[in-house]
Protein chains: 2
Amino acid sequence: MKNTSISEAAAHFGVPESTLRYYEKKGLLPHLRRDGAGRRIFSEFHMTLLQVILNLKRTNMPLDSIRQYVVWVVEGEDTTGLRLDMLLKHRQSVLGEIAGMQQALDGIDIKIGRYEERIENREKGAFEQDDDPRSRDQNHRKEVRL
Amino acid sequence: MKNTSISEAAAHFGVPESTLRYYEKKGLLPHLRRDGAGRRIFSEFHMTLLQVILNLKRTNMPLDSIRQYVVWVVEGEDTTGLRLDMLLKHRQSVLGEIAGMQQALDGIDIKIGRYEERIENREKGAFEQDDDPRSRDQNHRKEVRL
DNA sequence: ATAGGTCTTAAACCGGGGTTTAAGTCAAGC
DNA sequence: GCTTGACTTAAACCCCGGTTTAAGACCTAT
């Protein structure tokens, strides 16, 4: 029965008010009531819905798909199967996305390791070899090392 | 010593050629040479660099930051510390991002569980209660259930 | 030598996801 | 009764990361 204002809702979820207005306009917050002065009232339902929306958004679901989900919520129990389906597909795609990021991160970690090694070697009194005449023209074309 | 054409590079990394041209224009692919006919030649260095760029991109590093990284690569060994620093910060931010997605996904999994339960219950011969007169006006304001 | 395929360029365009601006209304405190 | 602060709206604006378009140059096979 809590009636939450837009500023409270924004503070609660840590998003700008402008975003909440934008979401309403985009159809993510259906049936949002107004008070006598025309101000938005976020019901408990809307607060819960918003939590779900933000979970979906944090996992990179496009707003258009989130809107479809919300439309199904409003349509009622007949759409439970569709919603379940959507969430299961989304879940899979998120798992794939995370795995992809992990893989890329592994590649990055290898570079980090190399850089640490280089700096280590540099500090360990590795005097500049470039003053050795025998290496003078070896690396003439300025070697760019990743 | 392999000289790779833009089409080969694109195929190799599974990105459109237009993206590679765009990356060059944005400064992500410095010193890209051309053949007699003005076509881009991707050296081994560029192929390796591209792999790194794509790893950074897959972990959501903005192109501007990637460009900064590349500039440092070109500037040479003096910037190893800066690069290491950047990668370490990025690593942390990616780990945070992944953790955040995981958390959101946990919330989504809970909804999935509820939906599965509902469908389960519906299939288990739960006849429609709505035909029982005693429940007639209970849920008059159409209850929207997430 | 002509057609197809591949390449080049600059510039315009697109889609997603907001954010900002301008102009105005309202309620409360002084 | 007047200012202050929170709120409203529609529309314009912005950033990012490309993609598409138009016009043209070049190699290769027939």
Side-chain angles (χ1 to χ4, degrees), chain A residues 3-43 46 49-50 52-70 90 93-94 97 100-101 104, chain B residues 3-43 46 49-50 52-70 90 93-94 97 100-101 104:
Chain A
N3 280 349
T4 311
S5 73
I6 193 171
S7 51
E8 290 166 339
H12 181 76
F13 290 110
V15 301
E17 302 178 9
S18 61
T19 299
L20 297 180
R21 297 192 189 102
Y22 174 72
Y23 283 1
E24 186 193 17
K25 200 164 45 177
K26 285 264 151 171
L28 303 195
L29 297 171
H31 308 319
L32 204 51
R33 307 231 156 260
R34 309 304 171 105
D35 68 7
R39 291 181 224 132
R40 289 165 184 82
I41 299 168
F42 288 74
S43 66
H46 288 103
L49 177 59
L50 202 37
V52 174
I53 287 171
L54 294 176
N55 278 339
L56 293 174
K57 197 180 61 92
R58 285 201 78 188
T59 49
N60 302 319
M61 182 182 285
L63 294 193
D64 270 12
S65 307
I66 299 181
R67 190 174 34 59
Q68 175 62 82
Y69 174 82
V70 170
H90 181 58
S93 105
V94 174
E97 206 174 328
M101 289 178 76
Chain B
N3 279 351
T4 311
S5 74
I6 192 172
S7 51
E8 290 166 339
H12 180 75
F13 289 111
V15 301
E17 301 178 9
S18 61
T19 299
L20 298 180
R21 296 191 189 104
Y22 174 72
Y23 283 2
E24 187 194 14
K25 199 163 46 177
K26 285 265 152 172
L28 304 195
L29 298 172
H31 307 320
L32 204 51
R33 308 229 157 262
R34 308 306 171 102
D35 69 7
R39 290 179 222 133
R40 289 163 184 82
I41 299 169
F42 289 75
S43 66
H46 289 104
L49 177 59
L50 203 37
V52 174
I53 288 171
L54 294 176
N55 278 340
L56 294 174
K57 197 181 60 96
R58 279 222 305 187
T59 48
N60 303 319
M61 182 183 284
L63 294 194
D64 269 12
S65 308
I66 298 181
R67 189 173 37 59
Q68 175 63 81
Y69 174 81
V70 169
H90 181 59
S93 106
V94 173
E97 206 174 329
M101 290 179 75

Mind checking what makes side-chain hydrogen bond (donor to acceptor under 3.5 Å, both in side chains) contact with [X], not counting sequence neighbours?
{"X": "A:S43", "answer": "A:H46"}
{"X": "A:S65", "answer": "none"}
{"X": "B:R40", "answer": "B:E24"}
{"X": "B:T4", "answer": "none"}

Please find the pair of heavy atoms, one from [X] and one from [Y], that lie closest to each other, and give the distance.
{"X": "A:R67", "Y": "A:G27", "value": "CG-O, 3.7 Å"}
{"X": "A:I6", "Y": "A:F42", "value": "CA-CE1, 3.7 Å"}
{"X": "B:T59", "Y": "B:N55", "value": "OG1-O, 2.9 Å"}
{"X": "B:L28", "Y": "B:L63", "value": "CD2-O, 3.7 Å"}

Can you list the residues that meet the side-chain contact (heavy atoms from CB on, under 4.5 Å) rule with [X], with sequence neighbours excluded?
{"X": "B:R39", "value": "B:D35, B:A37"}
{"X": "A:N60", "value": "A:E97, B:M101"}
{"X": "A:S5", "value": "A:S7, A:E8"}

- [ ] Give the angle between the helix axes at the two ends of the helix from C:dA1-D:dT30 to C:dC30-D:dG1, taking five base pairs at each end and rounding to 10°.
- [x] 10°
Task: Within residues 8-24 of chain B: residues closer than 4.0 Å to DNA chain D (heavy atoms) - done: B:P16, B:S18, B:T19, B:Y22, B:Y23
Task: Positional range of nucleotides in DNA chain C within the contact set of chain A, heavy-atom, under 4.0 Å - done: C:dG17 to C:dA27
[atom1] of [X] versus [atom2] of [N]: gap in Å, rounded?
{"X": "B:I53", "N": "D:dG18", "atom1": "CD1", "atom2": "C1'", "answer": "15 Å"}
{"X": "B:R58", "N": "D:dG17", "atom1": "CZ", "atom2": "P", "answer": "16 Å"}
{"X": "A:R34", "N": "D:dA6", "atom1": "CZ", "atom2": "C1'", "answer": "15 Å"}

Task: Heavy-atom side-chain contact between A:V52 and A:Y69 under 4.5 Å - done: yes
Open item on the list: Does D:dC7 have its OP1 or OP2 closer than 4.0 Å to a side-chain nitrogen or oxygen of A:S7?
Closed with: yes
Task: Near-strand residues of residues 60-69 of chain A, defined as heavy-atom separation under 4.0 angstrom from DNA chain C - done: A:P62, A:L63
Counting only pairs under 3.5 Å, give me each side-chain donor-acceptor contact of residues 15-22 of chain A, with atom names and distances, residues two or more places apart or in other chains.
unit_1: A:E17; atom_1: OE1; unit_2: A:R21; atom_2: NH2; d: 3.0

Open item on the list: Here's a test of your reading of the structure: between A:K25 and A:A37, which maps to the more 5' nucleotide of DNA chain C?
Closed with: A:K25
